[in-house]
Participant: 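This is the structure, below, for whatever I ask next.
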Amino acid sequence: MKETDREAVATAVQRVAGMLQRPDQLDKVEQYRRREARKKASVEARLKAAIQSQLDGVRTGLSQLHNALNDVKDIQQSLADVSKDWRQSINTIESLKDVKDAVVQHSQLAAAVENLKNIFSVPEIVRETQDLIEQGALLQAHRKLMDLECSRDGLMYEQYRMDSGNTRDMTLIHGYFGSTQGLSDELAKQLWMVLQRSLVTVRRDPTLLVSVVRIIEREEKIDRRILDRKKQTGFVPPGRPKNWKEKMFTILERTVTTRIEGTQADTRESDKMWLVRHLEIIRKYVLDDLIVAKNLMVQCFPPHYEIFKNLLNMYHQALSTRMQDLASEDLEANEIVSLLTWVLNTYMRYKDEAQLYKEEHLRNRQHPHCYVQYMIAIINNCQTFKESIVSLKRKYLKNEVEEGVSLSQPSMDGTLDAIAKEGCSGLLEEVFLDLEVGLALSSCRFLGRSTVLPHCPLGHRL
């Protein structure tokens with residue numbers, strides 16, 4: 001304190017000396033004294049206020065600590081009471097086991113009562129469903145079928161949950177609902193018949209085709225739900241998963257193959273121009289069917305089915321297989337020329353169509369959606385037909401000329417190569433357009449750091 005007092009006195013002396021440096025300032029001594037007195041009073045007032053505030057804070061803190069201590073004591077007492085009550089209630093909890101079992105049994109009986117109406121009306125619902133299927137009311141029939149399956153699966157699940165090893169009761173339930181699986185199979189047959197005639201149905205009665213797709217979508221959702229429950233419980237109802245969507249595409253693929261193979265109406269014995277007629281019918285059917293698929297069928301299927309893309313691939317595969325089958329037959333020289341000419345003329349038309357398709361796509365790259373798949377199909381077709389040409393030449397051209405008809409047509413391979421090259425060029429252009437967008441986005445991210453991106457070497461690898 002003495003050192004502090006000395007420092008304070010020294011500071012005061014220095015300040016007074018600064019105020020009284022000239023003789024005329026002596027007249028203002030009283031004024032200086034009053035001013036310093038006011039400053040001193042102000043500092044003392046602020047100091048008192050600060051000390052009072054600190055004291056109030058300490059008082060409040062002590063009060064809160066006291067309250068917290070009381071609360072802790074109350075909680076401690078409550079915990080002790082709870083612990084005491086819990087120890088006393090152990091015997092009571094054990095005595096409630098019978099009540100718990102009764103609750104479980106009650107819930108099972110409630111589920112059984114809920115299903116009694118459907119259980120007793122199963123024969124009637126089966127007859128109604130069968131009638132609806134025969135009448136072609138597929139949506140209503142499927143709704144009743146779902147009700148039957150829901151009742152059966154609910155009962156089997158409850159039995160599985162109570163006693164999964166009791167196969168006798170499970171067999172009893174399955175036998176009582178035995179007609180359900182038959183109805184499901186009968187309904188599936190009707191769906192497949194509609195799908196086999198889908199190209200005709202979509203023009204005459206598109207509502208029927210939409211109903212078929214809705215039923216398949218319902219079954220797909222049920223399959224997913226049951227498979228999710230299987231992960232938790234291990235229970236799977238009989239006949240699941242149905243996989244009707246996968247079967248639908250199998251039916252469509254088989255239908256396309258049959259349609260292409262069934263276009264041969266004549267034979268060499270009945271008509272010397274049988275192959276020309278056969279190829280022309282194929283060309284017309286494929287073109288007409290794909291137009292219907294693109295303009296009508298896509299409206300009846302959900303977008304994620306990609307029905308046009310899948311049908312395009314199916315027709316490509318069926319057409320390639322049919323060309324290979326024709327090439328492997330014992331064709332006469334003029335028929336070989338007809339086959340190769342058809343390939344050439346058809347793909348020259350394809351070249352023009354592909355160019356128009358490409359130009360339409362470049363105007364708006366969001367459409368058509370299947371541009372890449374279409375170009376790949378063209379390239380694959382060219383390769384397939386080139387292989388067929390080589391096979392035919394190897395089979396029939398033991399010499400360069402046979403019976404005065406030359407099958408060595410340089411323009412054939414050149415045309416197919418040109419079409420395939422154009423398709424590859426279109427695909428590369430699509431890739432580079434995507435790269436330009438990607439590089440532009442990357443450049444925008446780095447511009448803030450004044451970084452220059454190097455040229456992408458992907459072109460050399462492509």
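Worth knowing before you read on, the calculation uses all heavy atoms, side chains too, and leaves out hydrogens, waters and symmetry mates.
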Participant: Can you tell me which residue pairs pass the side chain to side chain donor-acceptor pair (under 3.5 Å) test with a partner in residues 223-240, sequence neighbours excluded?
Facilitator: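 Every side chain to side chain donor-acceptor pair (under 3.5 Å) pair that includes a residue of residues 223-240, provided the two are not neighbours, is Glu149-Arg240, Glu219-Arg240, Asp223-Arg240.
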
Participant: Tell me whether the rings of Trp244 and Trp192 are parallel (<30°), tilted (30 to 60°) or perpendicular (>60°).
Facilitator: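 Judged by the thresholds at 30° and 60°, the geometry between Trp244 and Trp192 is perpendicular.
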
Participant: side-chain contact (heavy atoms from CB on, under 4.5 Å) with Cys300: which of Val202, Val212, Thr201?
Facilitator: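 So the option named by the test is Val202.
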
Participant: With a 3.5 Å distance limit and no angle check, can you tell me whether Thr255 reaches the backbone of Ile251 through a side-chain donor-acceptor pair?
Facilitator: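 Side chain of Thr255 to backbone of Ile251, a donor-acceptor pair under 3.5 Å: yes, one is there.
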
Participant: Considering only NZ, NE, NH1 and NH2 on the basic side and carboxylate oxygens on the acidic side, decide whether Asp185 and Lys189 come within less than 4.0 Å.
Facilitator: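 Answer for the salt bridge query: no.
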
Participant: Tell me, yes or no, whether the heavy-atom count around Tyr285 atom OH, taken from other residues, nucleotides or ligands under 6.0 Å, exceeds 12.
Facilitator: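 Result for OH/Tyr285: open.
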
Participant: Are the side chains of Arg203 and Met297 in contact, using a 4.5 Å heavy-atom criterion?
Facilitator: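 In short, these two side chains do not touch, never coming nearer than 4.5 Å.
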
Participant: Quick one: does Asp289's side chain get under 4.5 Å of Val256's, heavy atoms only?
Facilitator: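 No, their side chains stay 4.5 Å or more apart.
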
Participant: Is the side chain of Thr257 donor-acceptor paired with the backbone N or O of Glu253 at a distance under 3.5 Å, no angle test?
Facilitator: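 At least one qualifying donor-acceptor pair exists.
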
Participant: Measure the shortest side-chain to side-chain distance between Ile282 and Met323 over non-hydrogen atoms and say whether it is less than 4.5 angstrom.
Facilitator: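 They are in contact (side-chain heavy atoms under 4.5 Å apart), so the answer is yes.
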
Participant: Return the OH to CG distance between Tyr176 and Leu155, rounded to the nearest 0.5 Å.
Facilitator: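 Going from OH on Tyr176 over to CG on Leu155, the span is 10.0 Å.
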
Participant: Could you tell me which non-hydrogen atom of Pro238 sits nearest to which non-hydrogen atom of Gln181, and how far apart they are?
Facilitator: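 So the minimum-distance heavy-atom pair works out to O-OE1, 4.4 Å.
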
Participant: What distance separates Leu296 CG from Ile291 CD1, expressed to the nearest 0.5 Å?
Facilitator: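 Between Leu296 CG and Ile291 CD1, I get 10.5 Å after rounding to 0.5 Å.
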
Participant: When you check the gap from the basic side-chain N to the acidic O, do Glu280 and Arg283 get nearer than 4.0 Å?
Facilitator: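 Yes, Glu280 and Arg283 are salt-bridged.
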
Participant: Within the side chain of Ser198, is there an N or O that forms a donor-acceptor pair under 3.5 Å with the backbone of Leu195?
Facilitator: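 Checked: pair present.
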
Participant: Just do the side-chain contact (heavy atoms from CB on, under 4.5 Å) check on Leu275 and Trp342 with the steps written out, would you?
Facilitator: CA-CA 10 Å; Leu275 184 58; Trp342 182 86; over 6 Å; no

Participant: Quick one, Glu134 with Gln130, criterion side-chain contact (heavy atoms from CB on, under 4.5 Å). Give me CA distance, side-chain angles, the key distance, then yes/no.
Facilitator: CA-CA 6 Å; Glu134 294 174 356; Gln130 185 66 49; 3.5 Å; yes

Participant: Could you tell me whether the side chain of Leu183 reaches within less than 4.5 Å of the side chain of Glu186, counting heavy atoms only?
Facilitator: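 Heavy-atom side-chain distance check fails, nothing below 4.5 Å.
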
Participant: Do Asp131 and Gln135 pair up side chain to side chain, a donor and an acceptor below 3.5 Å, judged on atom types alone?
Facilitator: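 Looking only at side-chain atoms, Gln135 and Asp131 do not form any donor-acceptor pair under 3.5 Å.
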
Participant: Rounded to the nearest 0.5 Å, how far apart are CG of Leu79 and CG of Asp74?
Facilitator: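 With rounding to 0.5 Å, CG (Leu79) is 11.0 Å from CG (Asp74).
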
Participant: State, with a plain yes or no, whether a side-chain heavy atom of Leu145 is found less than 4.5 Å away from one of Ile125.
Facilitator: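 They are not in side-chain contact.
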
Participant: Does the side chain of Arg127 come within less than 4.5 Å of Glu124's, by heavy atoms?
Facilitator: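 Heavy-atom side-chain distance check passes, below 4.5 Å.
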
Participant: Looking only at heavy atoms, what is the nearest atom pair of Ser179 and Val126, with distance?
Facilitator: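 Smallest heavy-atom distance, with atoms named: CB-CG1, 3.9 Å.
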
Participant: Counting only heavy atoms from other residues, nucleotides and ligands, does the tally under 6.0 Å from CZ of Arg259 exceed 12?
Facilitator: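 Above 12, so yes.
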
Participant: Might you work through the side-chain contact (heavy atoms from CB on, under 4.5 Å) test for Leu339 and Glu335, ending with a clear yes or no?
Facilitator: CA-CA 6 Å; Leu339 179 61; Glu335 292 172 343; over 6 Å; no

Participant: Under the side-chain hydrogen bond (donor to acceptor under 3.5 Å, both in side chains) criterion, do Asn313 and Gln317 qualify, and how do the steps go?
Facilitator: CA-CA 6 Å; Asn313 292 333; Gln317 185 60 43; over 6 Å; no

Participant: Please report the shortest heavy-atom distance between Pro302 and Val213, naming the atom on each side.
Facilitator: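 Shortest heavy-atom contact: CD-CG1, 3.5 Å.
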
Participant: Measure the CD1-CG distance between Ile133 and Leu191 for me, rounded to the nearest 0.5 Å.
Facilitator: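 Taking CD1 in Ile133 and CG in Leu191, the distance rounds to 9.0 Å.
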
Participant: Does any non-hydrogen side-chain atom of Val236 lie less than 4.5 Å from one of Leu227?
Facilitator: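 Not touching, per the 4.5 Å side-chain cut-off.
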
Participant: Between Thr250 and Glu246, is there a donor-acceptor pair closer than 3.5 Å when you use the side chain of the first and the backbone of the second?
Facilitator: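 Confirmed, Thr250 side chain pairs with Glu246 backbone.
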
Participant: Verify, without hydrogens or angle tests, whether Ser151 (side chain) and Asp147 (backbone) share a donor-acceptor contact under 3.5 angstrom.
Facilitator: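 A pair under 3.5 Å: yes.
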
Participant: Can you tell me how far the CE atom of Met156 sits from the CE atom of Met170, to the nearest 0.5 Å?
Facilitator: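 Result: 4.0 Å between the selected atoms.
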
Participant: With no hydrogens and no angle check, is any side-chain donor or acceptor of Thr258 less than 3.5 Å from a backbone partner on Arg254?
Facilitator: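 Between the backbone of Arg254 and the side chain of Thr258 there is a qualifying donor-acceptor contact (under 3.5 Å).
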
Participant: Measuring from atom SG of Cys424 to atom CD of Glu429, what distance do you get when rounded to the nearest 0.5 angstrom?
Facilitator: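 If we round to the nearest 0.5 Å, Cys424:SG and Glu429:CD are 13.0 Å apart.
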
Participant: Which word best sums up how the rings of Tyr157 and Tyr160 line up, parallel for under 30°, tilted for 30 to 60°, or perpendicular for over 60°?
Facilitator: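 Aromatic pair Tyr157/Tyr160 classed parallel.
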
Participant: Please find the pair of heavy atoms, one from Leu139 and one from Arg214, that lie closest to each other, and give the distance.
Facilitator: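 Looking at all heavy atoms of both residues, the shortest contact is CD1-NH1, 3.6 Å.
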
Participant: Is there a donor-acceptor pair closer than 3.5 Å between any side-chain N or O of Asn310 and the backbone N or O of Tyr305?
Facilitator: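 Here the side-chain-to-backbone pair exists.
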
Participant: So, are Arg322 and Glu261 salt-bridged, with charged N and O less than 4.0 Å apart?
Facilitator: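 The answer is no: the pair does not qualify as a salt bridge.
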
Participant: Please determine whether side-chain contact (heavy atoms from CB on, under 4.5 Å) holds for the pair Leu138 and Leu132, giving the CA-CA distance in whole Å, both sets of side-chain angles, and the decisive distance to 0.1 Å.
Facilitator: CA-CA 7 Å; Leu138 302 182; Leu132 288 171; over 6 Å; no

Participant: Taking side chain as C-beta onward, heavy atoms only, is Val286 less than 4.5 Å from Ile260?
Facilitator: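 The answer is yes, as the side chains (C-beta and beyond) meet within the 4.5 Å cut-off.
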
